[in-house]
Amino acid sequence: MKIIYPGSFDPITLGHLDIIERVSKKFDEVYIAILNNNQKKSLFTVEERIEIIKDACKSFKNIKVVAFSGLLVDFAKSIDCKLIVRGLREVSDYEKEVQMALMNRELYNDMETLFLVSNAKYSFVSSSIIKEIISFGGNVENFVPELAYKMLKSKYLHK
Ligand code: COD
């Protein structure tokens, strides 16, 4: 059975990676689907995000890293998959996630969302907080995969 893990992943963090590792043990194929959204300003290009995720996931054999634009349900239809996984950190994630899950099910009949509670070690980690910390010179090495850390440093610290 296949499952989609959609997100912005700008950049991927160890919290995201923990979710990927857990689903990769339970499903045959995991599609990491990166939203390519020209309207949202991102730090990393889609190509950079793909490179970082592929490097971080090289030990998992059942991962596919892809970009999509437009509606997630349209991407899901294109690969004939009706299951999404999302991570839940604090209670603040819940409201937004439930709304998305219900809307996706309205848009694509029987589309289900599986929620995994984040690893307590990373429940306070988010891509935006990582970018904020490094922009002020703080160390984020313990929260992102190696290549993400290298690329974050070259974007922020070697200007
Ligand atoms: N531990 C565990 N999980 C985490 C952590 C952590 N530390 N950090 C983030 N997560 C989870 C998030 O809760 C989320 O489930 C997932 O990882 C990805 O997070 P992000 O922030 O990279 O991605 P988002 O939330 O910006 O992704 C939003 C989408 C791109 C999925 C959404 O906007 C979308 O589907 N857009 C396409 C247009 C569409 O279909 N819109 C209608 C939606 S109803």
Side-chain angles (χ1 to χ4, degrees), residues 3-27 29-73 75-76 83-101 103-104 113-159:
I3 190 163
I4 302 170
Y5 185 28
S8 307
F9 305 116
D10 185 39
I12 191 168
T13 68
L14 294 188
H16 293 126
L17 209 55
D18 178 74
I19 299 282
I20 294 168
E21 185 172 356
R22 285 156 63 195
V23 283
S24 80
K25 290 181 186 153
K26 307 261 181 234
F27 290 87
E29 260 183 313
V30 182
Y31 282 79
I32 302 172
I34 306 166
L35 178 64
N36 188 1
N37 183 354
N38 297 332
Q39 271 142 37
K40 195 171 159 191
K41 203 172 149 20
S42 52
L43 175 66
F44 290 102
T45 65
V46 168
E47 292 72 24
E48 287 171 328
R49 283 178 270 166
I50 290 176
E51 186 187 349
I52 295 169
I53 297 174
K54 280 190 172 163
D55 187 71
C57 294
K58 55 181 183 268
S59 61
F60 310 129
K61 298 292 169 237
N62 54 349
I63 305 284
K64 286 199 165 79
V65 188
V66 295
F68 75 100
S69 43
L71 288 177
L72 175 60
V73 289
F75 169 71
L83 187 60
I84 301 169
V85 61
R86 297 282 290 171
L88 281 184
R89 287 163 293 183
E90 309 296 343
V91 83
S92 52
D93 277 343
Y94 180 82
E95 209 173 319
K96 175 184 142 210
E97 292 295 340
V98 168
Q99 183 187 31
M100 278 178 46
M103 182 54 89
N104 281 328
T113 302
L114 176 73
F115 292 112
L116 290 192
V117 174
S118 74
N119 186 321
K121 258 186 355 197
Y122 304 121
S123 62
F124 54 90
V125 176
S126 71
S127 303
S128 42
I129 213 165
I130 293 297
K131 288 180 278 192
E132 184 173 325
I133 291 168
I134 197 160
S135 74
F136 291 116
N139 186 1
V140 297
E141 193 170 7
N142 292 337
F143 308 120
V144 290
E146 206 180 329
L147 185 57
Y149 179 56
K150 270 193 203 151
M151 288 169 74
L152 279 164
K153 277 198 305 185
S154 70
K155 285 207 190 256
Y156 282 109
L157 306 179
H158 304 310
K159 274 182 185 163

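Only heavy atoms go into these numbers, but all of them, side chains included; no hydrogens, no water, no symmetry mates.
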Problem set entry | Over all atoms of both residues, closest heavy-atom pair of Arg86 and Pro6 | NH1-O, 2.8 Å
Problem set entry | Criterion side chain to side chain contact (heavy atoms under 4.5 Å, CB included) on Ile12 and Ile20, from CA distance to verdict | CA-CA 11 Å; Ile12 191 168; Ile20 294 168; 3.7 Å; yes
Seminar exercise, completed: Glu47 meets the side-chain contact (heavy atoms from CB on, under 4.5 Å) criterion, sequence neighbours left out, with Thr45
Problem set entry | Closest non-hydrogen atom pair, Tyr122 against Gly15 | CB-CA, 3.7 Å
Problem set entry | Glu146, CD atom: more than 12 neighbouring heavy atoms under 6.0 Å | no
For this session: Provide the closest heavy-atom pair for Phe44 versus Arg49 in the form atom of the first, atom of the second, distance.
Result: O-NE, 3.1 Å
Exercise. Considering only heavy atoms from C-beta outward, does the side chain of Ile19 approach that of Arg22 to under 4.5 Å?
Worked result: yes
Problem set entry | Residue pair Thr13, Phe143: steps toward the side chain to side chain contact (heavy atoms under 4.5 Å, CB included) verdict | CA-CA 6 Å; Thr13 68; Phe143 308 120; 5.7 Å; no
Problem set entry | Side chains of Asn62 and Phe27 in contact at under 4.5 Å (non-hydrogen atoms) | no
For this session: Using a 4.5 Å cut-off on heavy atoms from C-beta on, say whether the side chain of Leu14 contacts that of Leu17.
Result: yes
For this session: Taking atom CD1 of Ile129 as the centre, report whether more than 12 heavy atoms of other residues, nucleotides or ligands fall under 6.0 Å from it.
Result: no
Problem set entry | Side-chain donor/acceptor of Asp10 to backbone N/O of Leu43, under 3.5 Å | yes
Exercise. Are Asp93 and Lys96 close enough, and set up right, to give a salt bridge (Lys or Arg N to Asp or Glu O under 4.0 Å), and what steps lead you there?
Worked result: CA-CA 6 Å; Asp93 277 343; Lys96 175 184 142 210; 5.8 Å; no
Exercise. Checking side chain to side chain contact (heavy atoms under 4.5 Å, CB included) for the pair Leu147/Glu51: CA distance, chi angles, key distance, verdict?
Worked result: CA-CA 9 Å; Leu147 185 57; Glu51 186 187 349; 4.1 Å; yes
Exercise. What is the distance from atom CD1 of Ile84 to atom CE of Met100, rounded to the nearest 0.5 Å?
Worked result: 7.0 Å
For this session: Kindly compute the distance separating NZ (Lys155) from OG (Ser135), expressed to the nearest 0.5 Å.
Result: 14.0 Å
Problem set entry | Side-chain donor or acceptor of Ser123 paired with backbone N/O of Arg89 under 3.5 Å | no
Exercise. Does the side chain of Val65 reach to within under 4.5 Å of the side chain of Cys57, using non-hydrogen atoms?
Worked result: no
Seminar exercise, completed: So the ring pair (Phe, Tyr, Trp, His ring centres under 6.0 Å) pairs with at least one residue in residues 47-71 (sequence neighbours excluded) are Phe68-Phe75
Problem set entry | Reported CE-to-CG distance for the pair Met103 and Leu72, which is rounded to 0.5 angstrom | 13.0 Å
Exercise. What is the distance from atom CG of Leu83 to atom OG1 of Thr113, rounded to the nearest 0.5 Å?
Worked result: 7.5 Å
For this session: Begin from the C-alpha positions of Asn38 and Asn36 and carry the test side chain to side chain contact (heavy atoms under 4.5 Å, CB included) through to its verdict.
Result: CA-CA 6 Å; Asn38 297 332; Asn36 188 1; 3.9 Å; yes
For this session: Using a cut-off of 6.0 Å, state whether more than 12 heavy atoms not belonging to Phe124 lie near its atom CZ.
Result: yes
For this session: Report yes if some heavy atom in the side chain of Pro11 is under 4.5 Å from a heavy atom in the side chain of Met151; otherwise report no.
Result: no
For this session: Please examine the side chains of Ser24 and Ile63, heavy atoms only from C-beta on, and report whether any two atoms are closer than 4.5 Å.
Result: yes
Problem set entry | Interatomic spacing from CD in Glu141 to NZ in Lys150 - rounded to 0.5 Å | 11.0 Å
For this session: Taking the side chain as every heavy atom from C-beta outward, state whether Tyr149 and Val144 have any atom pair closer than 4.5 Å.
Result: yes
Exercise. What distance do Ser69 atom OG and Asn37 atom CG have between them, rounded to the nearest 0.5 Å?
Worked result: 9.0 Å
Exercise. Hey, are the side chains of Lys153 and Ile134 touching, using non-hydrogen atoms and a 4.5 Å cut-off?
Worked result: yes
